[in-house]
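One structure is given below, encoded as structure tokens.
Quantities reported herein were computed from a predicted structural model and do not represent experimental measurements.
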Amino acid sequence: AGKLDVPSGNLEIEDCAVTSKALALHARGAVAITGCRLHGFARGIECSADSVVLDDCVVDRTGGDAIRLNKAKHARITDCRFESVRGYGIVVYERMDVAVDKGTFQRCRGGVLVKSAARLTVADCVITDCGAGLNLDDDASARIDRCEVGPCSWKCLVLEDAEAAVVDSR
């Protein structure tokens, strides 16, 4: 298992392949992961920072949730692919704003799980062969724009006190 703590400042990881049992990334500033292949994680990646950026990455063959966003104010995930994930591709905890653009989720237990009053915007994404495409819980809200979800057991699961706005999606 790996752990990177940056008590002050930012953490940037670029153009690499990372394999580990688990990875915890903690930074007081920002965490940015760009152009990486993150694969074979038994428990996935936990990321807590003021802001998180994941860009042009592939996350595959994880035993649990691929990316868990915790205690961040903002997160932006762009042009990423999540494949063969035994948990969710992305799990969002806490009250945060998360934008997922041009993502692909295939053969995951679920695409995105949003909890604890977090706000999610998903645009131009494809979610296929997943148990649940999007799962909103605990006062979460989401805007789903120009996405293709399915075939999945549940395209969008909206639980009590959660809200979803679906625009130009199928």
Please confirm whether the backbone N or O of [Y] pairs with a side-chain atom of [X], one donor and one acceptor, at under 3.5 Å?
X: S169; Y: C147; value: yes
X: D65; Y: Y88; value: yes
X: N10; Y: A30; value: yes

Side-chain heavy-atom pair [X], [Y] within 4.5 angstrom cut-off:
X: T104; Y: R81; answer: yes
X: V167; Y: R143; answer: yes
X: K73; Y: R95; answer: no
X: N135; Y: W154; answer: no

Decide salt bridge (Lys or Arg N to Asp or Glu O under 4.0 Å) for R37 and D60; before the verdict, give the C-alpha distance in whole Å, the side-chain angles of both, and the deciding distance to 0.1 Å.
CA-CA 8 Å; R37 180 170 183 227; D60 64 353; 2.9 Å; yes
Distance check, rounded to the nearest 0.5 Å: [X] atom [atom1] versus [Y] atom [atom2]?
X: T62; Y: L23; atom1: OG1; atom2: CG; value: 12.5 Å
X: I77; Y: L120; atom1: CD1; atom2: CG; value: 9.0 Å
X: C125; Y: R146; atom1: SG; atom2: CZ; value: 10.0 Å
X: I13; Y: L38; atom1: CD1; atom2: CG; value: 7.5 Å
X: D97; Y: S141; atom1: CG; atom2: OG; value: 8.5 Å
X: R119; Y: H74; atom1: CZ; atom2: NE2; value: 8.5 Å

Taking [Y] as the starting point, is it possible to reach [X] by hopping between hydrophobic residues whose side chains are less than 4.5 Å apart?
X: V100; Y: V166; value: yes
X: V18; Y: L69; value: yes
X: V31; Y: V6; value: yes
X: L157; Y: V98; value: no

Heavy atoms only: give me the nearest [X]-[Y] pair and the separation to one decimal.
X: L54; Y: C80; result: O-SG, 3.6 Å
X: A164; Y: I144; result: CB-CD1, 4.5 Å
X: A118; Y: V114; result: CB-CG1, 3.6 Å
X: L11; Y: A27; result: CB-CB, 4.4 Å
X: C36; Y: D15; result: SG-N, 3.7 Å
X: I127; Y: G111; result: CG2-CA, 4.3 Å

Within a reach of under 6.0 Å around CZ of R28, are more than 12 heavy atoms found that belong to other residues, nucleotides or ligands?
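Count not over threshold, so no.
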Any chance CZ of R61 has more than 12 other-residue heavy atoms, nucleotides or ligands included, within less than 6.0 Å?
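Correct, the count exceeds 12.
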Residue that, paired with R68, satisfies side-chain contact (heavy atoms from CB on, under 4.5 Å) out of I45, V92, L113, V91
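Answer after filtering I45, V92, L113, V91: V91.
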Check the pair V122, L134 against side-chain contact (heavy atoms from CB on, under 4.5 Å), reporting the backbone distance first and the verdict last.
CA-CA 10 Å; V122 181; L134 299 162; 4.3 Å; yes
Report the C-alpha distance between K102 and D124 in whole Å, list the side-chain angles of each, state the deciding distance to 0.1 Å, and finish with yes or no for side-chain contact (heavy atoms from CB on, under 4.5 Å).
CA-CA 5 Å; K102 300 175 189 151; D124 300 309; 4.1 Å; yes
Give the intermediate values and the outcome of side-chain contact (heavy atoms from CB on, under 4.5 Å) for residues F82 and I90.
CA-CA 9 Å; F82 298 86; I90 302 168; 3.8 Å; yes
Using the side-chain contact (heavy atoms from CB on, under 4.5 Å) rule, take E83 and R107 through it: C-alpha gap first, then chi angles, then the decisive distance, then the call.
CA-CA 6 Å; E83 294 181 353; R107 296 178 308 280; 4.0 Å; yes
